[in-house]
Amino acid sequence: MRISVQTAPFDLGEEANAFAAGVAGAGAVVTFTGVVRDLPGGGLQAMEIEHYPGMTEKAIGDIAQQAAGRWSLADVLVIHRYGRLAPGAPIMMVATAAPHRKDAFEAAEYLMDYLKSRAPFWKKELTAEGADWVAAKDADEDALHRW
Amino acid sequence: MRISVQTAPFDLGEEANAFAAGVAGAGAVVTFTGVVRDLPGGGLQAMEIEHYPGMTEKAIGDIAQQAAGRWSLADVLVIHRYGRLAPGAPIMMVATAAPHRKDAFEAAEYLMDYLKSRAPFWKKELTAEGADWVAAKDADEDALHRW
Amino acid sequence: MEVLYFAWVRERIGLPRERVETEAATVADLVAELRAREERYEAAFADLSALRVALDQELAEFDAPLEGVREVAFFPPMTGG
Amino acid sequence: MEVLYFAWVRERIGLPRERVETEAATVADLVAELRAREERYEAAFADLSALRVALDQELAEFDAPLEGVREVAFFPPMTGG
């Protein structure tokens, strides 16, 4: 299991290959990558992500442990960036490996659902008009109920 | 949308990066990669995959079109190999990109469920004792009922 | 009509495809004709529940009509992914 | 006790962390003390339903006791992923 909270960009392809190479016998590898999206009307200059050093690593570690206890997983990877990100930049990725596809998919979705609402990150959108904190979505909180 | 039915190996990382680069505004990218697993007790020498040229491309194209009609997707990629594959070799991958993670995840799972049971591939496992066709699993047929 | 066989159906019958002259109205009729030919066809078609059929590269049922069909394929349940 | 603020809570209060000497028994008691201090605290804590709290880096409820706690953090609902 590897968890990295970092400002540096990461390369999806390199991370995915390194992860898959470490779990050659697993059968199923799922990756999710989140990218900074522009605003519906355009005009996003940057996204600024703040986090709670110390708690962030702990919270992600707990979430990953929960996933590992719940599904039969060969490995888990979580990378999450913070700081100032340009539109189109990768924000974060998770990867899961399992003998069967169902476990790999469900664990990846579980990790994402919990990272959204239980890992201490806050996003701010910067435009020419100013800066706005991204509000948490009810749908993201509701997504936790299925687990 | 790109669909490739091929004997050649593919590089997960390169494919994932190329796919993600083409959908920079999408927000969420999911990949699934299937790898040849060894048998529970070991001893798999190779997996041989047979397919139905012509129908395969058609069937995968239909499945991808169904997914595109059902979820809001920026792009879809399906690569599936046939021929003789060594244990640990990548068999296939799908990638989906969408504005929201739920669409990307669900579409990728839908593609996988349908590829398993509705794309004309047949797998044979070769061991020192001989060759066995892999039987279709009831669980894979049942997985279609949720869609 | 071109008739194709895949996986263990191909192995039991011993060839991947053949041209069949037939007046069979449905897939089931064609299967009955083939089974009557030789033991290896009988072995391949013994249990229809273990077989799938495609007509012109589209999955079909065994009671589907063959009129206008150019290519029939028989194979076991698919195991892609 | 170290008290940390994140996101718009930090912006409204105007600092990321401070040392607070308090006898407050619960998080809610601490919030009441802070609100009574200055307008900027009142503004930050006006709507508790819009806030979350962590005690020693674990999410907690506003009625949780503060005994033995070294670090309290206030922030809006998280938006990771």
Side-chain angles (χ1 to χ4, degrees), chain B residues 3 5 32-37 47-64 78-82 85 90-94 108-125 130-144, chain C residues 1-20 22 26-28 30-31 34 39-81:
Chain B
I3 292 166
V5 180
F32 176 93
T33 310
V35 173
V36 179
R37 256 192 313 158
M47 176 172 274
E48 250 177 38
I49 302 181
E50 180 174 339
H51 81 119
Y52 183 171
M55 178 170 169
T56 309
E57 293 78 359
K58 205 157 167 285
I60 298 177
D62 287 349
I63 293 165
V78 178
I79 301 175
H80 204 304
R81 298 174 67 193
Y82 62 95
L85 308 184
I91 303 174
M92 52 82 61
M93 78 176 280
V94 305
E109 290 184 76
Y110 176 93
L111 288 168
M112 285 309 304
D113 284 350
Y114 273 84
L115 286 170
K116 278 273 167 192
S117 306
R118 292 292 182 271
F121 292 98
W122 299 275
K123 293 184 182 129
K124 195 181 198 173
E125 291 168 339
D132 278 307
W133 290 99
V134 175
K137 292 192 197 77
D138 287 344
D140 285 332
E141 189 66 30
D142 293 346
L144 301 184
Chain C
M1 180 179 291
E2 287 293 308
V3 182
L4 283 66
Y5 311 111
F6 291 97
W8 57 253
V9 181
R10 172 178 56 69
E11 291 180 338
R12 283 190 199 172
I13 292 177
L15 56 150
R17 64 191 301 152
E18 61 185 320
R19 186 150 191 89
V20 174
T22 178
T26 67
V27 176
L30 173 62
V31 168
L34 292 169
E39 176 53 32
R40 59 199 170 103
Y41 288 95
E42 174 62 30
F45 289 108
D47 177 11
L48 285 195
S49 74
L51 289 181
R52 300 291 178 270
V53 62
L55 301 183
D56 289 333
Q57 307 192 350
E58 293 273 5
L59 284 173
E61 302 296 326
F62 281 88
D63 59 1
L66 289 179
E67 195 178 343
V69 170
R70 284 156 306 158
E71 186 172 298
V72 180
F74 295 102
F75 43 77
M78 294 157 272
T79 54

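Proteins get letters first, then strands, A, B, ... in listed order; numbering begins at 1 in each.
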Could you walk me through whether B/Lys137 and B/Asp142 pass the side-chain contact (heavy atoms from CB on, under 4.5 Å) check? CA-CA 9 Å; B/Lys137 292 192 197 77; B/Asp142 293 346; over 6 Å; no
Any idea which of B/Met112, B/Glu48, B/His80 has the most non-hydrogen atom pairs under 4.5 angstrom with chain C? B/His80
I'd like to know if the side chain of C/Asp63 and the backbone of C/Thr26 have a donor-acceptor N/O pair within less than 3.5 Å. no
Non-hydrogen atoms of chain B under 4.5 Å away: do they reach the side chain of C/Ala7, the backbone, both or neither? both
With under 30° as parallel and over 60° as perpendicular, where do the rings of C/Phe75 and B/Trp122 fit, or are they tilted in between? tilted
Side chain, backbone, both or neither: which part of B/Lys58 has an atom under 4.5 Å from a heavy atom of chain C? side chain
Apply salt bridge (charged side-chain N to carboxylate O under 4.0 Å, His left out) to residues C/Glu2 and C/Arg17 and explain how you reach the verdict. CA-CA 7 Å; C/Glu2 287 293 308; C/Arg17 64 191 301 152; 3.3 Å; yes
Using non-hydrogen atoms only, which part of B/Arg118 is less than 4.5 Å away from chain C: side chain, backbone, both, or neither? both
Taking side chain as everything from C-beta outward and backbone as N, CA, C, O, which of these in B/Asp140 sits under 4.5 Å from a heavy atom of chain C? Side chain, backbone, both or neither. neither
Could you tell me which portion of C/Arg52 (side chain, backbone, both or neither) has an atom closer than 4.5 angstrom to a non-hydrogen atom of chain B? neither
Part of B/Lys124 within contact of chain C (heavy atom distance under 4.5 Å): side chain
Any donor and acceptor pair, going by atom type alone, linking the side chain of B/Lys123 with main-chain N or O of C/Gly80 inside 3.5 Å? yes
Parallel, tilted or perpendicular, judged at 30° and 60°: which one describes the rings of C/Phe45 and C/Phe74? perpendicular
